[in-house]
Amino acid sequence: QTLGFRNTLVLRSNTATLTFDVSALQADSHQSTPVATGHTPASFEVTRDSVRTLIAENYFARGRLDRNLSTRTFWYAGSGWDRNTFAGFDNRYVFDGGIGNTWLDNEITTFKTAYGISATRQEDVEAGPEDNKIFGGVRFSYEYRRQITPTTEFRSGLVLDENLEDPDDIRIDAVNSVAVSMNSQLALKISWQILYDHRP
């Protein structure tokens, strides 16, 4: 049993874009075990013991402001919170900012890249003496959108964040999706997300 929710709100002006993104995902597994009790093989009663197990849980909330410096360059600032106990952390707070480039932006294609620095505080499920501290990082991201047909849109995005204190600690969040519009307010969407943490 899986329950998921995601909502993205985008506010645009001539020179700036403000984005809010929230998501929740929870998956449960139910295992039912039949137990027969009775005095003889011909006289018994079957009962079932049901056990519910949480097998996936992931929540996040993020916000970002992009402001144009020119038609090709912009600066950005953002913050976010994540919780993924199955990846080993209860809370992860990230603050980041930097500059970016808009390589294409028209009705058919949009492609942007951004480069910045980040500050991360992570509270692990099983915290050690050196955990739960703030560490700096460098960040690279891109956003790509392609209008395949008048009703079909492809999107791809990637965020790569490297810990400056531990270069082997690299985090990657990549999402690819295809959405097909059914009408002006409803669309069917399929997406594939890869979350990678080299040192979870």
## Note on the structure
Value for OG1 (T110) from CH2 (W103), rounded to nearest 0.5 Å, stands at 15.0 Å

### Query
How many angstroms lie between atom CG of N84 and atom OH of Y59, to the nearest 0.5 angstrom?
10.0 Å

### Message
Just to verify, what does R12 make a salt bridge (charged side-chain N to carboxylate O under 4.0 Å, His left out) with, not counting sequence neighbours?
### Response
none

### Query
What pairs with D105 under salt bridge (charged side-chain N to carboxylate O under 4.0 Å, His left out), at least two apart in sequence or on another chain?
none

For a quick test of your reading: what N or O donor-acceptor pairs under 3.5 Å do the side chains of residues 176-188 make, sequence neighbours left out?
{"residue": "N176", "atom": "OD1", "partner": "S156", "partner atom": "OG", "Å": "2.6"}
{"residue": "N183", "atom": "OD1", "partner": "Q185", "partner atom": "N", "Å": "2.8"}
{"residue": "N183", "atom": "OD1", "partner": "L186", "partner atom": "N", "Å": "2.7"}

### Query
In the hydrophobic clustering that connects Ile, Leu, Val, Met, Phe, Trp and Tyr at side-chain heavy-atom distances below 4.5 Å, which members other than V138 occupy its cluster, ordered by chain and number?
L164

### Apart from I108 itself, residues in the same hydrophobic cluster as defined by side-chain heavy atoms under 4.5 Å
none

### Task
Not counting sequence neighbours, list each pair that qualifies as a salt bridge (Lys or Arg N to Asp or Glu O under 4.0 Å) and has a residue in residues 80-100.
R62-D82, R92-D197, D96-R139

### Selection residues 45-56 - residue pairs positive for side chain to side chain donor-acceptor pair (under 3.5 Å), sequence neighbours left out
D28-R52

Can you list the residues that meet the side chain to side chain contact (heavy atoms under 4.5 Å, CB included) rule with [X], with sequence neighbours excluded?
| X | answer |
| --- | --- |
| E165 | K133, F135, N163 |
| T19 | T8, V10, T17 |
| N7 | F5, V22 |
| A77 | W75 |

#### Entry: Counterpart residues, side chain to side chain donor-acceptor pair (under 3.5 Å), relative to D66 (two or more places apart)
R64

#### Entry: Side-chain donor/acceptor of N68 to backbone N/O of T71, under 3.5 Å
no

### Query
In terms of the angle between their ring planes, are F111 and Y142 parallel, tilted or perpendicular, with boundaries placed at 30° and 60°?
tilted

### Message
Can you tell whether the side chains of R155 and E153 come within less than 4.0 Å, N to carboxylate O?
### Response
yes

